[in-house]
Undergrad: 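Shown below is the structure under consideration.
Residue numbering restarts at 1 for every chain, and letters A, B, ... go by the order of the sequence lines.
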Amino acid sequence: MAQEVLRMEGITKIYDNGFVANKNVTFWLNEGEILALVGENGAGKTTLMKVLFGLEAPQSGQVTMNGAPVKILNTLDAIGKGIGMVHQHFMLVPSLTVAENVVLGIEPMKNGLFDFDTAVSMTQEVADKYNFNIDPKMKVADLSVGQMQKVEIMKVLIKGAKIIIMDEPTAVLTPQETDELFEQLILLRDSGHSIIFISHKLEEVKRICSRVTVLRHGYCLGSYDLADMNESDISRLMVGRDVVLKIEKEAPNIGKPVVHIKNLVKINEAGKHVLDDISFDIHEGEVVGIAGVEGNGQSDLSDVLSGMSGFSSGTVEVNGNDIKGKTVHDIRGMGMAYIPEDRMEYGCAGDMSIRDNIMADRFFKKEYKSGPFMKKKYIDDLVDQYIKDFEIACDDKSQPVRMLSGGNIQKVVVAREFTSGSNFILANQPTRGIDVGAAEMIRKTIVKKSREEGTATLLISADLNEVLECSDRLLVFRKGKVVAAFPKANEVSEAELGEYMLGLKTMTAEEMEGLL
Amino acid sequence: MNKTRKIEMTVELVRILVAVAIAYVIALVTLFLISDDPIYIIQQFVLGPFSSVRRVGSIINLAIPFTFTGLCFCFMYAVNKFNLSGEGIFMFSGCIVTLVAINLGEGLPFPLMILVLLIVGAVVGVVVTAIPAFLDAKFNSNIVVVSLMLNSILVFLSIWVLKYQMRDPSIGSMGSYPLPDNAVLPNIFGKFRIQAGLFIAIIAVIAVAILFYKMVFGYKMRVVGSNPLFAKACGINMVGTIVIAQLIGGALAGMGGACEILGNYDRYKWVASTQHGFDGLMVAVLARRNPILVPVAALLLAYIRIGADVVNSRGDIPIEFITVIQGIVILLVAAEEFMGRFKKNMIYKAAAEGLDKDKKEEVKELMSEDGEGKEQ
Amino acid sequence: MFTLDWFANFGFSVFRLSTPLIFAALAAVINKKAGMLNMALEGMMLSAALGGVVFAGATNNVWIGLVGAVVIGVIVGWVIAFANISGQTDLYLTCIAVNLAATGGTVFAMFLLTGEKATTSAAIKAYTLPSITIPLIDKIPLIGPMVSGHNVLTYFSFISIFLVWFFLYKTRLGLRMRAVGENPQAASSVGINVKKIGYISFLIAGVLCGFGGAFMSMGWVSFFMKNMINGRGYIGLSAMNIAEGNPIGSGIAAVFFGFSDALATTLKSQGGTFPTEFLDMIPYAATIIALVVISSIRMSHLKKIQRGGK
Amino acid sequence: GGGGSEEPAADNGNAAEADGGEEAAAGDVNKSIAYIVGNLGDKSFNDSGETGMVKLREAGWDCKTIEAGDETKADKWEDTMLDAIDEGYHYLVASSTYRDIMLKLAEEYPENQFIIFDDSMDESEIPDNVAFIFYAQNEGSYLVGQLAAGMTESGVVAVNVGMDNPVISDFVTGFINGVQDYDPSVKVVKAAVGSWTEPAKMKELCLAQARDKKADVFYQVAGGSGAGLFEACKENGTWAIGVDSDQYTYYKDSENPELADVILTSMLKNVGDSFVAFFDQVEAGEDVWGKVNSLGLTDNAVGYVDNEFFQENVPQEVRDAMAEAAEKIAAGEIDVKSYYDFADESEYQALLDSVTP
Ligand SMILES: Nc1ncnc2c1ncn2[C@@H]1O[C@H](COP(=O)(O)OP(=O)(O)OP(=O)(O)O)[C@@H](O)[C@H]1O
Ligand SMILES: Nc1ncnc2c1ncn2[C@@H]1O[C@H](COP(=O)(O)OP(=O)(O)OP(=O)(O)O)[C@@H](O)[C@H]1O
Ligand SMILES: [Mg+2]
Ligand SMILES: [Mg+2]
């Protein structure tokens with residue numbers, strides 16, 4: 001049996017609001033293994049890792065490393081003990097250079113001053129060693145998301161971590177980039193590093209991990225050898241029931257165009273063409289998927305369509321109305337519903353109740369108010385109904401949204417947008433980082449709405465499996481342009497899609513004729 | 001969760017009491033060093049405000065301006081804009097209200113006159129707040145800086161108006177012509193000598209509370225303040241909401257200035273800022289930005305101030321000492337972390353108890369579902 | 001009237017008026033870079049101004065007075081840091097409470113020490129930090145009399161602009177401070193003690209305010225008077241804000257306010273009956289106008305880029 | 001003068017006594033005075049009143065000094081005075097600033113008696129339990145105006161005030177009148193610092209006046225800001241004139257005697273002495289109530305300091321001129337212009353304009 005390098009025994013973590021995120025969790029890691037840590041949203045994975053990395057103090061529990069009990073009081077302790085963590089959300093300082101970000105905390109010094117040149121060469125060294133192609137002198141703000149992820153990993157590697165925690169590192173990567181990352185993880189594993197890998201993509205877990213530890217509702221259900229399990233076994237453990245990973249859908253019943261985009265150009269504040277002459281339509285009853293490496297214009301398209309930002313030239317029409325110069329309010333009035341990319345930032349107000357969050361896009365409508373006052377009773381009943389319909393797990397409708405788990409917050413967002421009565425749904429990363437159970441429900445609803453109610457849907461997602469499963473028509477974005485279009489999404493392979501996303505292949509205008 | 005909320009509220013209350021107690025202990029220790037009769041001083045500080053009917057009235061009287069500016073800052077906090085113009089407005093609106101009152105003279109009958117003057121005060125507030133609010137919305141100019149600078153400008157502008165537009169040359173000190181009788185808010189409740197502005201303040205609190213929690217605009221404002229990006233994504237008119245909320249806040253500060261002048265003064269004579277704006281900021285924070293709690297916080301602050309006055313007139317301690325004590329009280333009451341450990345431990349204990357209780361059932365339940373999961 | 005001499009003299013006045021504003025602006029810069037808006041510069045400088053006079057008077061040494069001012073500035077900075085960082089008190093509230101407490105506290109302390117309640121001008125021996133004549137340069141017409149012969153702190157304030165810049169952009173602590181200011185979670189995730197950096201930024205701000213306060217009571221005039229900072233802290237804060245926290249830009253903005261103040265003083269000194277109140281408004285109005293002009297330039301620049309920027 | 005640090009101590013002792021023996025104080029109605037003052041420590045007006053209280057205490061009066069705070073605390077002034085009345089103080093003494101409240105309370109408390117100093121009012125309207133004390137600051141200022149005009153070499157003198165208000169304008173009016181009567185060609189620059197606590201700006205202002213207008217004699221009526229004027233004079237080698245109390249002696253006896261070496265003299269406004277004199281009259285049963293007790297040069301309520309430094313530095317002819325003017329004013333031969341005689345502000349403005357260099 002392999003040498004055990006780390007053991008967390010009986011960890012209980014209670015947050016300041018009284019929420020118990022880890023309940024007497026016991027967890028161990030062997031030398032030279034890649035261990036998967038899985039669980040639904042809010043199961044407590046990140047929390048457990050934060051405890052390990054010294055970011056949160058547990059109420060009880062003991063950590064042992066190489067058989068000796070240790071105390072990890074803060075991140076400095078953790079780093080000193082050879083633990084590194086790649087966080088679920090980027091932990092970068094955008095205005096600093098790559099090198100400065102990478103050496104932050106262990107800055108090289110010369111004559112008592114920060115030595116930038118040495119920092120650059122140190123960074124270059126790590127980049128060369130692990131085959132990361134990145135310029136250390138670039139500003140982090142100018143990097144693509146994939147590159148940022150690499151910087152995060154370099155930050156951990158440069159500190160010589162022996163235990164590496166990776167909290168959903170692949171959520172923003174293309175399949176090719178993921179492959180690249182996995183190669184490096186295997187390299188690291190073989191050179192004696194131990195890796196904790198957190199992911200909601202069970203296929204990945206299956207691919208590179210040898211063992212899996214499952215958390216649910218803060219409890220640890222135990223560790224299992226992956227050799228004996230398939231993906232649905234894992235998801236059953238996580239969710240407590242069988243989960244359908246494939247979505248059955250009938251052929252779309254396509255109607256008239258709802259959204260019409262013609263020669264759309266957007267230039268951002270830095271003067272870059274983030275949307276470069278885009279044209280396509282979205283019709284009634286169909287789901288159009290957009291794939292692409294993050295930062296290639298998908299978010300900008302979603303911003304333009306939702307009215308969150310303006311555009312430089314071209315025409316965009318929603319149900320026949322030009323949206324040039326229109327506000328979000330106007331565009332919503334034309335029939336748009338919008339599931340934003342970052343739910344905590346754009347999708348909800350954390351401190352407000354579920355009820356208040358659901359009302360946010362419609363409170364001004366006649367049926368919800370009498371004079372300048374809100375119709376409390378009417379709204380309460382309605383929200384109760386939505387909570388039931390969308391299976392939102394909560395105490396009651398007046399619970400602040402921030403107290404819900406990630407997946408349930410997303411359900412609140414979805415409940416609002418899907419009941420807004422719109423015939424165009426703009427869904428940007430609707431299931432990012434939420435667990436299979438909730439994701440399944442959301443995907444099914446998207447398809448159901450298009451089939452039963454004839455909604456036009458634009459689905460932007462970094463999860464290729466998702467775009468492939470849900471879309472009828474599929475477009476690929478690269479550098480602000482549409483570089484490929486496929487009539488039937490479920491006939492495309494992930495690998496082929498990846499080639500277009502990375503710019504290895506591009507379709508000509510003729511090839512895409514009639515698909516836009 | 002409800003258990004947690006209960007703990008939080010209890011701790012909050014205990015904390016305010018402990019904070020005040022600590023400040024008084026500090027005061028006592030200091031007084032032992034510098035005063036001949038520290039016990040007497042402390043007694044005056046703590047009990048003095050209640051020693052006569054008139055002093056109790058003074059607390060309430062002083063709480064009136066605090067309530068207005070406190071409400072003003074509730075609006076600023078609600079939309080997350082640190083528009084500090086409430087400070088300057090209070091003084092300037094008092095000035096303009098006096099100017100209008102003098103010029104209107106005895107023309108209007110009493111209640112109507114007051115109404116007109118309150119509106120004037122509110123309008124002054126709206127116009128003044130509009131400047132930083134607009135510059136912020138339009139040019140993204142830092143609202144804190146603009147409003148602070150504006151406050152300084154308003155001080156000089158008020159002095160100018162006083163000096164050149166309404167100064168009463170027949171009195172030795174700097175002061176405007178006296179307010180006409182029909183513009184004076186009378187004292188009410190006999191010996192309490194509370195000014196009738198109290199009613200206006202009460203109405204303002206109720207109106208603001210309804211606006212915040214029952215009306216569409218209040219809802220809109222809370223969404224915008226709670227998460228502006230979310231509000232934008234929902235199509236809420238951000239700029240409009242933010243600006244209007246500030247204007248309402250400004251109007252309240254303006255009415256506060258009007259009530260203060262009409263209720264407590266015979267003529268306008270401010271030549272320096274009253275600091276009631278900053279007092280209002282403190283009140284809003286102490287009230288946890290909740291308009292319903294504003295009167296309570298205003299009374300607390302007024303109580304401390306009146307205590308200070310009593311000490312000042314009764315004892316041998318210079319009045320400035322109290323500003324230090326007051327600073328300590330405010331910092332302790334507002335410090336989230338003060339007694340935070342105590343609160344957290346209570347929460348942890350409650351949560352851990354809950355955990356122990358349902359542990360067995362829950363684990364059993366979980367395990368039965370995953371019957372086939374084999375632990376290594 | 002507008003002779004070479006006049007200009008030299010006016011310029012001299014601008015530098016002197018700018019000195020406390022520069023210190024305040026730089027203190028605000030340090031806090032801003034660590035992610036905090038320090039509205040308590042006023043209280044910090046006021047306390048330091050009294051501290052300097054008291055220490056100098058007690059030890060009969062002006063340099064110990066200067067150290068005393070800095071120490072008091074640092075202590076007040078620490079109080080703010082403690083309340084805000086360790087006590088989690090709202091920063092705006094902390095700063096306002098500290099300003100209020102400093103206004104009364106300085107008078108109270110002065111009363112305990114001297115029995116006076118307005119000024120130390122009679123009760124404590126006055127000391128002034130020396131002025132420096134710069135050899136050679138003082139011979140140059142116009143420039144000489146303008147830049148030579150200033151108080152040592154005036155020179156130091158200008159040097160401080162570069163020291164602060166150097167600190168922020170060339171030292172490890174500066175790098176960490178900027179990282180903390182921009183993304184505290186990121187900084188803490190690599191083992192940087194965010195709280196400690198916050199404390200350090202307030203302590204450095206305390207040092208700078210210490211110099212600013214000392215200049216007021218031991219440079220410009222030679223005694224302490226209640227409320228003697230009179231809004232200079234807020235103007236320093238505005239200077240920082242106009243330059244968005246850039247130390248060099250903040251220094252320039254501070255000098256601009258020094259200039260508008262000198263202009264107002266000159267206009268006042270002409271006598272006559274133009275309402276003084278409007279002259280008193282000049283520095284404040286100039287701040288607002290400068291802020292608006294600069295932000296609108298910034299915005300129209302952005303808009304131009306987005307429109308297609310050909 | 002230099003006993004600044006002792007005054008409050010004396011106050012302390014007495015205040016504690018008063019609190020201890022409230023009953024006694026109430027019993028001895030006719031001997032208890034409450035002096036309501038904004039803030040002590042201004043080393044001029046307010047403190048001068050306090051010295052009067054100290055003297056009265058020595059004379060057996062029960063005097064209590066209460067600091068009521070500046071104008072922004074005005075909503076609490078009435079309470080402060082009511083507190084004093086409730087505590088049994090019979091006489092209330094307060095300056096023009098408190099006039100309205102004093103008059104109002106005079107009506108409500110006819111048993112008590114109220115003294116409003118530094119102010120005047122139409123005598124027919126003054127209630128029987130109120131007395132006004134009015135100082136002819138214009139007369140004192142007239143004399144130092146003569147001094148300034150006599151001492152200037154450049155032909156420009158300055159009068160710098162803290163903030164403008166009627167009393168201050170009366171100072172300025174008298175000063176200008178004195179300067180012009182001495183030598184009509186001498187010009188006067190008048191400026192307001194904008195604050196009573198801005199010595200730094202005052203210093204800057206004086207330096208600018210010396211630079212741009214060549215002013216070389218500076219008269220300050222600026223409270224705390226005034227010290228900045230003395231510093232500027234020290235730096236520039238120009239002369240200064242103090243106000244309210246003998247500021248030469250005050251600084252000469254202080255820790256910073258060198259600051260005194262620019263102060264030729266001070267225009268005196270003997271508030272404290274006037275209190276003593278007033279209560280002497282009260283004790284003597286003279287008729288002081290219901291009227292304005294105007295105090296000028298003749299009553300020694302205003303004047304200037306004639307000390308060694310003054311004699312050393314001021315030429316005989318100037319001193320003679322001042323003495324002569326004083327006599328003439330006393331004799332009624334010179335009628336010093338007063339701000340209170342102006343019909344409106346514009347007349348004052350015209351006066352200022354006429355002397356601006
Ligand atoms: N700072 C916090 N304060 C209070 N509760 C928190 C905090 N952070 C997390 N929680 C709660 O703890 C639970 C577990 O969170 P955690 O981040 O560990 O989940 P996770 O397993 O990482 O979920 P995900 O798959 O979404 O990343 C969440 O449901 C949340 O309600
Ligand atoms: N201060 C807090 N108070 C209460 N709950 C919190 C707090 N901070 C975070 N949470 C909750 O903890 C959960 C876990 O936080 P985390 O940052 O790991 O996001 P997440 O749920 O993992 O999101 P994702 O869907 O991106 O995986 C969040 O869903 C959030 O609701
Ligand atoms: Mg997580
Ligand atoms: Mg997650």
Side-chain angles (χ1 to χ4, degrees), chain A residues 12 14-20 23-24 59-60 211 214 216-219 221-225 228 233 236-237 240-241 306-308 327-333 338 340 342 344-352 356-357 359-364 368-369 371-374 376 395 399 403 416, chain B residues 1-8 210-211 213-220 222-240 336 340-341 343-356 358-359 362-363 365-376:
Chain A
T12 296
I14 306 171
Y15 277 113
D16 295 350
N17 58 6
F19 186 86
V20 192
K23 302 168 187 169
N24 198 17
Q59 273 62 43
S60 64
R211 200 159 59 90
V214 184
R216 191 191 323 159
H217 301 312
Y219 290 102
L221 297 191
S223 288
Y224 307 87
D225 210 328
D228 314 341
D233 290 337
R236 184 153 9 88
L237 272 177
R241 63 182 165 84
S306 60
M308 292 295 282
T327 63
V328 180
H329 179 84
D330 299 335
I331 302 173
R332 277 181 180 271
Y338 172 41
D342 185 330
M344 290 317 289
E345 215 171 328
Y346 295 96
C348 69
D351 289 331
M352 298 185 85
D356 286 349
N357 270 282
M359 279 304 114
D361 70 326
R362 64 196 66 169
F363 63 91
F364 56 88
Y368 302 103
K369 60 176 192 181
F373 298 95
M374 301 193 69
K376 184 167 183 314
D395 289 355
Q399 195 179 8
M403 292 192 169
R416 177 180 63 236
Chain B
M1 281 301 147
N2 284 336
K3 216 188 306 174
T4 307
R5 278 185 211 166
K6 219 177 277 170
I7 292 174
E8 279 176 349
I210 291 176
L211 177 74
Y213 298 111
K214 297 275 176 222
M215 286 171 63
V216 176
F217 181 78
Y219 169 75
K220 209 154 74 168
R222 285 185 294 129
V223 176
V224 170
S226 175
N227 182 352
L229 292 173
F230 167 59
K232 189 177 173 199
C234 285
I236 294 177
N237 178 356
M238 295 265 295
V239 177
E336 305 276 340
R341 187 126 308 275
K343 177 169 86 180
K344 278 181 207 161
N345 286 340
M346 277 178 70
I347 291 174
Y348 296 155
K349 223 170 90 196
E353 268 165 23
L355 189 59
D356 283 342
D358 39 59
K359 191 169 185 174
E362 203 175 330
V363 172
E365 195 182 314
L366 280 173
M367 288 307 162
S368 67
E369 284 168 18
D370 325 304
E372 62 211 87
K374 41 188 178 298
E375 196 141 352
Q376 283 186 311

Undergrad: Under a 4.5 Å cutoff for heavy-atom pairs, which residue among B:Ile236, B:Asn237, B:Leu211 has the most contacts with chain A?
TA: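 The option with the most such pairs is B:Ile236.
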
Undergrad: Is the shortest heavy-atom distance from the side chain of A:Tyr368 to the side chain of B:Val216 under 4.5 Å?
TA: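 A side-chain contact is absent here, since even the closest heavy-atom pair is not under 4.5 Å.
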
Undergrad: Which value, rounded to the nearest 0.5 Å, describes the distance between A:Lys376 atom NZ and B:Lys214 atom NZ?
TA: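 A:Lys376 atom NZ to B:Lys214 atom NZ measures 6.0 Å (nearest 0.5 Å).
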
Undergrad: Excluding sequence neighbours, so at least two apart, what forms side chain to side chain contact (heavy atoms under 4.5 Å, CB included) with A:Phe364?
TA: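 Here the qualifying residues are A:His329.
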
Undergrad: Against chain B, label A:Asp342 side chain, backbone, both or neither, depending on which of its atoms sit under 4.5 Å from a heavy atom there.
TA: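 For A:Asp342, neither part sits under 4.5 Å from chain B.
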
Undergrad: Given heavy-atom pairs under 4.5 angstrom as the criterion, report whether the side chain, backbone, both or neither of A:Ser60 touches chain B.
TA: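 The answer is neither part of A:Ser60.
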
Undergrad: Can a donor-acceptor pair be found, under 3.5 Å and without considering hydrogens, that links the side chain of B:Tyr219 to the backbone of A:Phe373?
TA: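 No; zero donor-acceptor contacts below 3.5 Å.
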
Undergrad: Say you draw a straight line from CE of A:Met344 to CG of B:Asn227; how long is it, rounded to the nearest 0.5 Å?
TA: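 Result: 8.0 Å between the selected atoms.
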
Undergrad: Under 4.5 Å, counting heavy-atom pairs only, tell me which of A:Lys369, A:Met359, A:Met352, A:Arg362 racks up the most with chain B.
TA: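 Maximum pair count with chain B is reached by A:Met352.
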
Undergrad: Tell me, side chain or backbone of A:Arg416 under 4.5 Å from chain B's heavy atoms, or both, or neither?
TA: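 Contact with chain B involves the side chain of A:Arg416 alone.
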
Undergrad: Mind checking ring-ring contact (aromatic ring centres under 6.0 Å, His included) for A:Tyr346 and listing every partner two or more places apart, or none if nothing turns up?
TA: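 Counting only residues at least two positions away or on another chain, A:Tyr346 forms no ring-ring contact (aromatic ring centres under 6.0 Å, His included).
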
Undergrad: Could you tell me which of A:Gly347, A:Gly218, A:Pro340, A:Gly333 has the largest number of non-hydrogen atom pairs under 4.5 Å with chain B?
TA: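 The answer is A:Gly347.
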
Undergrad: For A:Ala349 versus B:Phe230, what's the shortest heavy-atom pair and its separation?
TA: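 So the minimum-distance heavy-atom pair works out to N-CD2, 3.5 Å.
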
Undergrad: Relative to chain B, which segment of A:Glu345 carries a heavy atom at a distance below 4.5 Å: side chain, backbone, both, or neither?
TA: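 Its backbone and side chain both get close to chain B.
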
Undergrad: So which of A:Ile331, A:Asp330, A:Asp356 has the biggest tally of heavy-atom pairs under 4.5 Å with chain B?
TA: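 Between A:Ile331, A:Asp330, A:Asp356, the count favours A:Asp356.
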
Undergrad: Who among A:Val214, A:Asn357, A:Thr12 has the most heavy-atom pairs with chain B under 4.5 Å?
TA: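 Top count of heavy-atom pairs under 4.5 Å with chain B: A:Asn357.
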
Undergrad: Report the distance from atom NZ of B:Lys220 to atom CE of A:Met374, rounding to the nearest 0.5 Å.
TA: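 Rounded to the nearest 0.5 Å, the NZ-CE separation comes to 11.0 Å.
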
